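Predicted model only: the values in this text are computed from it and were never measured. For ligands, and for the atoms within them, numbers begin at 1 and follow the listed sequence.
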Amino acid sequence: MKVFEKNNNIFKLLSEAISEGIIVVNENQVIVATNGSANDIFGYETDELIGKSLNILIPKKHHTSHKSHFKGFVNHSEKRHMGAGRDLYGIRKNGSMFPVEAGLNPFAIYGNNYVMALVIDITLRKKQEEQIQDLNARLEQRIEARTEELHHTIQELQEEVALRMEAEAKTKESLKKERDLNELKTKFLSLVSHEFKTPLSGILTSATLTGKYKETEQQEKREKHLDTIKNKVKYLDNILNDFLSIERLETGKATYKFSQFPLSKVINEVVYDANMLLKDGQRINYPKDIDEYVIEFDEKILELVLSNLMNNAIKYSGEHTTIDLQVYYENNILTITIIDQGRGIPEKEQNFIFKRYFRAENALLDQGTGIGLNIVKSHLENLGGSITFTSKENEGSTFSITIPITHTDKS
Ligand code: ADP
């Protein structure tokens, strides 16, 4: 016990040069020696700690555990760092607590065991560590916030890109539509000026001639010219209807109106109008016993389809021929067939017959626009129907349309 007192000077001499605090305790945890640094760290005067229990330098909650720790440690007698993995604290004389780092060195002199603790006040280091941690945390927060902002910006950009692409596609589409429509208008103007010229001059001639037949008995001649006028006006009306259809199909404005009507009504109208166009000796056979069919479809479209097919059959057939219109209904499908004994369609051109403006070479001397079959097909397909044909040159053609009929009343 007196070792350190006896050798006080040597201990002092050696320990004062060291900046770490040195505290030597005996087996009973009584302090037997300190150096100046230890006194400074803990706030004691020289030798004030000598004879005091080590516990006055240690926070209360560690007292017991520290004691047992200490004993075990002395028994094991090896050098080591204290408080591995957890924070250590010391208590100053004024009661304030501060973080320390301590290394323990057990040793024995003259049969007595001691432990020399090397203590460093790490308040500053801790503060710096905390500051660094704080800075890191704030940095992480900022990075997180920035990353979030970036994500957001990227998302906004992606949305913007998608919107732009969509707008570009729309612009392209409408440009294409506009080009198509312009092309259509140009074609229309040239077709109109060409196609309208002949019937209009026919109408003018007939009207002029009608005016010349003044006598009562010339009524028959007047009627003949009036028929010609009606015929040409009907022809022009059909062309205009076809063009209106194209424009509607082209601009996506083709709307359909379903209603219930007797099939015979449409067929009678088509045949009535077609009668005005018949050539000498031409006749139309059509079923007269179809009053039972009350169908649900777009009436105007059905009329447009049938009058196109009927007018073609008349136009492309010679005098004294028969045109047959047949109706057939099975499994909710209505089939209407128009058979002519006309010139037919050359085999090599049959593939192109539904192309807009296409006209077969054996039809070029007749008036026509080449749009009728094209719109007929588009309308039918839009309404779930179809059109097919068979044709043999110089023998005749058969055009068949099918339309789905969900509702028929048989009276
Ligand atoms: P258009 O009759 O005004 O020329 P369409 O589109 O109705 O136009 O018909 C396209 C072409 O199909 C016609 O020009 C003609 O060559 C051919 N065609 C259509 N129907 C018949 C038919 N019944 N007999 C012979 N050829 C036909």
Side-chain angles (χ1 to χ4, degrees), residues 184 187-200 202 231-250 270-271 273-274 276-279 282-286 301-326 335-382 385-401:
L184 191 72
K187 271 229 159 83
F188 173 72
L189 284 179
S190 77
L191 273 174
V192 162
S193 39
H194 191 250
E195 286 301 307
F196 278 38
K197 231 175 150 49
T198 320
L200 281 176
N231 169 318
K232 309 261 181 230
V233 169
K234 185 74 204 155
Y235 174 78
L236 292 175
D237 186 48
N238 283 343
I239 295 188
L240 284 176
N241 276 340
D242 285 356
F243 268 109
L244 272 177
S245 264
I246 285 209
E247 212 246 358
R248 289 204 185 112
L249 286 164
E250 214 47 30
V270 169
V271 173
D273 286 343
M276 287 188 244
L277 304 171
L278 286 180
K279 293 174 186 166
Q282 272 187 334
R283 38 185 226 104
I284 301 170
N285 272 339
Y286 64 101
I301 294 295
L302 185 61
E303 196 181 325
L304 179 136
V305 167
L306 292 180
S307 42
N308 257 294
L309 297 181
M310 188 55 89
N311 294 353
N312 280 348
I314 296 169
K315 187 163 54 170
Y316 300 117
S317 300
E319 295 176 351
H320 306 286
T321 53
T322 303
I323 293 148
D324 275 303
L325 187 152
Q326 294 171 359
T335 306
I336 303 175
T337 306
I338 293 176
I339 307 158
D340 68 50
Q341 301 164 337
R343 71 184 74 152
I345 302 161
E347 207 182 324
K348 62 174 177 8
E349 293 184 291
Q350 289 187 2
N351 277 345
F352 314 109
I353 225 69
F354 293 110
K355 273 185 154 233
R356 192 179 295 167
Y357 308 120
F358 184 83
R359 308 198 66 218
E361 61 184 9
N362 65 350
L364 294 180
L365 291 180
D366 290 277
Q367 286 208 310
T369 57
I371 58 177
L373 288 183
N374 175 264
I375 54 163
V376 161
K377 190 171 157 69
S378 302
H379 279 313
L380 284 174
E381 285 174 359
N382 284 351
S386 67
I387 177 165
T388 52
F389 72 93
T390 56
S391 183
K392 199 144 195 224
E393 227 179 333
N394 302 319
E395 282 187 22
S397 311
T398 301
F399 280 83
S400 283
I401 63 153

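- By the 3.5 Å distance cut-off applied to N or O atoms, Gly372 is counted among the residues near ligand 1.
- For ligand 1, the atoms lying closer than 4.0 Å to a non-hydrogen atom of Gly368 are 3 (O), 4 (O).
- To the nearest 0.5 Å, atom NE2 of residue His379 and atom CD1 of residue Ile401 are 12.5 Å apart.
- Partner Asp324 forms a side chain to side chain contact (heavy atoms under 4.5 Å, CB included) with one of Ile338, Ile339, Thr337 and no other, that one being Ile339.
- Nearest to atom 26 (N) of ligand 1 among the protein's heavy atoms is Ile345 CG1, 3.3 Å.
- Judged by distance alone, the side chains of Thr198 and Gln367 do bring a donor and an acceptor atom under 3.5 Å apart.
- Using modelled atom types, no side-chain atom of Glu349 and backbone atom of Pro346 make a donor-acceptor pair closer than 3.5 Å.
- Closest to atom 5 (P) of ligand 1 among all protein heavy atoms lies Leu373 N, 3.7 Å.
- Of all atoms in ligand 1, listed by their number and element, those nearer than 4.0 Å to a heavy atom of Ile371 are 6 (O), 8 (O).
- Near Ser397, meaning under 4.0 Å from one of its heavy atoms, ligand 1 places the atoms 22 (C), 24 (N), 25 (C).
- One finds the OG1 atom of Thr322 at 5.0 Å from the CD atom of Gln341 (value rounded to the nearest 0.5 Å).
- Listed by number with element, the atoms of ligand 1 under 4.0 Å from a non-hydrogen atom of Ala363 are 14 (O), 15 (C), 16 (O).
- By the criterion of a heavy-atom distance under 4.0 Å, the backbone of Phe358, and not its side chain, is placed next to ligand 1.
- Between the CD1 atom in Ile353 and the CG atom in Asn374 there is a gap of 11.5 Å [rounded to 0.5 Å].
- Polar contact with ligand 1: absent for Asn308 (N/O pair, distance under 3.5 Å).
- Summarising the local packing, NZ of Lys279 is surrounded by more than 12 heavy atoms from other residues, nucleotides or ligands at distances under 6.0 Å.
- Of all protein heavy atoms, the one closest to atom 23 (N) of ligand 1 is Asp340 OD2, 2.9 Å.
- Considering backbone and side-chain N/O atoms, Thr369 comes within less than 3.5 Å of an N/O atom of ligand 1.
- Residue-environment remark: CD (Glu347) stays at or below the threshold of 12 foreign heavy atoms within 6.0 Å.
- When the heavy-atom distances from atom 20 (N) of ligand 1 to Asn312, Ile239, Asn362, Leu309 are ranked, the shortest goes to Asn312.
- Taking the six-membered ring for Trp and thresholds of 30 and 60 degrees, Phe352 and Phe358 have ring planes inclined between 30 and 60 degrees apart.
- Regarding atom 4 (O) of ligand 1, its nearest protein heavy-atom neighbour is Arg359 NE, 2.5 Å.
- Residue contact check for ligand 1: Gly342 places no non-hydrogen atom closer than 4.0 Å to it.
- At the top of the distance list for atom 12 (O) of ligand 1, counting protein heavy atoms only, stands Ile353 CG1, 3.3 Å.
- Contacts between Ala360 and ligand 1 below 4.0 angstrom, taking non-hydrogen atoms only, involve backbone and side chain alike.
- A distance of 10.5 Å separates CD1 in Ile371 from CZ in Arg359, rounded to the nearest 0.5 Å.
- With hydrogens and angles ignored, the 3.5 Å screen pairs no side-chain donor or acceptor of Asp366 with any backbone N or O of Tyr316.
- At a 4.0 Å heavy-atom cut-off, ligand 1 touches Lys315 through the side chain alone.
- In terms of polar-atom proximity, defined here as any N/O pair under 3.5 Å, Gly370 does make such a contact with ligand 1.
- Counted within 6.0 Å of CG on Leu364, heavy atoms from surrounding residues, nucleotides or ligands total more than 12; the atom is thus considered enclosed.
- Protein heavy atom nearest atom 22 (C) of ligand 1, with residue, atom name and distance: Tyr316 CD1, 3.7 Å.
- For Phe354, the heavy-atom gap to ligand 1 stays at 4.0 angstrom or more.
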